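Read the structure below first, then the notes.
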There are 2 protein chains.
Amino acid sequence: MTAHEPTRTGSQKTAIREENERLILRAAEDVFANYGYEGATTSRIARQAGIPKANLHYYFATKKDLYRRVIDNIFNIWLEAADSFDACDDPVEAITRYVDKKMDISRLNPKGSKVWANEIIQRAPIIQDYLETTLKAWTDSRAQVIQKWIDEGRISAINPHYLLYMIWATTQHYADFGHQIQTLNGNKDLSDEQYAQAKKDVTNIILRGIGAVH
Amino acid sequence: MTAHEPTRTGSQKTAIREENERLILRAAEDVFANYGYEGATTSRIARQAGIPKANLHYYFATKKDLYRRVIDNIFNIWLEAADSFDACDDPVEAITRYVDKKMDISRLNPKGSKVWANEIIQRAPIIQDYLETTLKAWTDSRAQVIQKWIDEGRISAINPHYLLYMIWATTQHYADFGHQIQTLNGNKDLSDEQYAQAKKDVTNIILRGIGAVH
DNA sequence: TTTTAAATTGACCAATTGGTCAAGAACAGG
DNA sequence: CCTGTTCTTGACCAATTGGTCAATTTAAAA
């Protein structure tokens, strides 16, 4: 709980608080993504949110608190996308949907993905508990689903974990390495058509690669 | 040129200088990878190299100089690996070799890969020129090779760039997200056997995915 | 209106940062 | 040996950092 959080019973937030937290979180995501955790300064986040630094610390006691909230957000977005994996039992459709959603997230929310990547690269100093609990549980459970597909002969025998890593790596690459992709694309962002094509190529390579389609 | 570099004609370095630069660069790679550019402190790098901070600044005038040298290293390592792409005209063999080498680098030199990833995530503030010159030239040239394979009907029609991104993303993931992989592997590093299997799965999925093997 | 709580803010602080400097130590060639 | 260069290092500095605080204003409740 934040030090300055109102002490009223219940956790209802004022409209002012709600709005300001939203502004701060949006600015924080941007600054953390572009400068890393240490490179991000609370005064820069405050400036970008359009408020004095002291006011930022009124809403978020420490930089770490703020950071954790930003990571929370992207992690929950991914978990929601992951539901598409469960929505159906057909490997082709499940993987197609999952890749589709993750590619969309990389396009619409690249900053969150970058903050996550940064955190993992630096060995998850803040959110190691997420990895060991929520992420591990989700991963192992979906690996079982994939293993079932293998046992049923619907896809070829590969290690389910390495398939998941491949999907994560490829889809998140379009967010995390978006700047490199943009540069190699003649300093232009991928157009809607290009992005759609990338999505199609990625999906096809994976589906054919695991023998789900021929 | 470094401010304190000896002014003698020719660029021959003392043995002492050679050795100390090596020590510092090794420590710098580690610290930059684990803390990011801003999070890394010159005093920490110096401590890890076993020398006083003032001595570090005798060899490398600024933190930025040091950082650029570290990035230079990993970039050259990758460029060498990329030669395997040219060594042979068969798509199966070329891609197999390239993936193999890149996976090896991810295992043997994960820190360099992490520093690079960090730099790209933060929009390449220091090494943008590399992306626009060397990397762009290399990429476009190899995309042509891949396009030729497509035209000859040896692999299916996909966008060569998106295939390259997929290879980069997947192989580098084993370095950049190594900590996540380790956590999901029960907090144990991938064994030699596991890593070999991952390499095999990655290679097979890609080769089958682009219709190079059946 | 009065009263109480929430929100705002400039001024401030201790700690840390990248980098400097001057004085000396070690080393090389003659 | 001597002489000039390379190397080493503790002490130091201006700038920046995350975070605090007390004083004030705004909003909500009674």
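Only this structure's heavy atoms are used, side chains among them; waters, hydrogens and symmetry mates stay out. Computed from a prediction, not measured in an experiment: that's the story for all the values here. Per chain, numbering begins at 1; letters A, B, ... match sequence-line order.
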Rounded off to whole Å, could you give me the [atom1]-to-[atom2] distance for the [X] and [N] pair?
X     : N      : atom1 : atom2 : result
A:E21 : C:dA7  : CD    : C1'   : 13 Å
B:Y59 : D:dT9  : OH    : C1'   : 12 Å
B:Y37 : C:dG18 : OH    : P     : 8 Å
B:L56 : C:dG18 : CG    : P     : 10 Å
A:I16 : C:dA7  : CD1   : P     : 6 Å
B:E38 : D:dT17 : CD    : P     : 9 Å
A:Y35 : D:dT17 : OH    : P     : 12 Å

Nucleotide of C:dA7, D:dT8, C:dG18 approaching A:N20 most closely (side-chain heavy atoms): C:dA7

Nearest-neighbour nucleotide for the A:T42 side chain, D:dT8, D:dG19, C:dA6 considered: D:dG19

Electrostatic pair B:E93:B:R97 at N-O distance under 4.0 angstrom: yes

Ring-face cation contact, B:F32 with B:K114, 6.0 Å cut, 45° max: no

Under 4.0 Å protein heavy-atom contacts per nucleotide of nucleotides 10-16 of chain D, with B for base, S for backbone only and - for none: B------

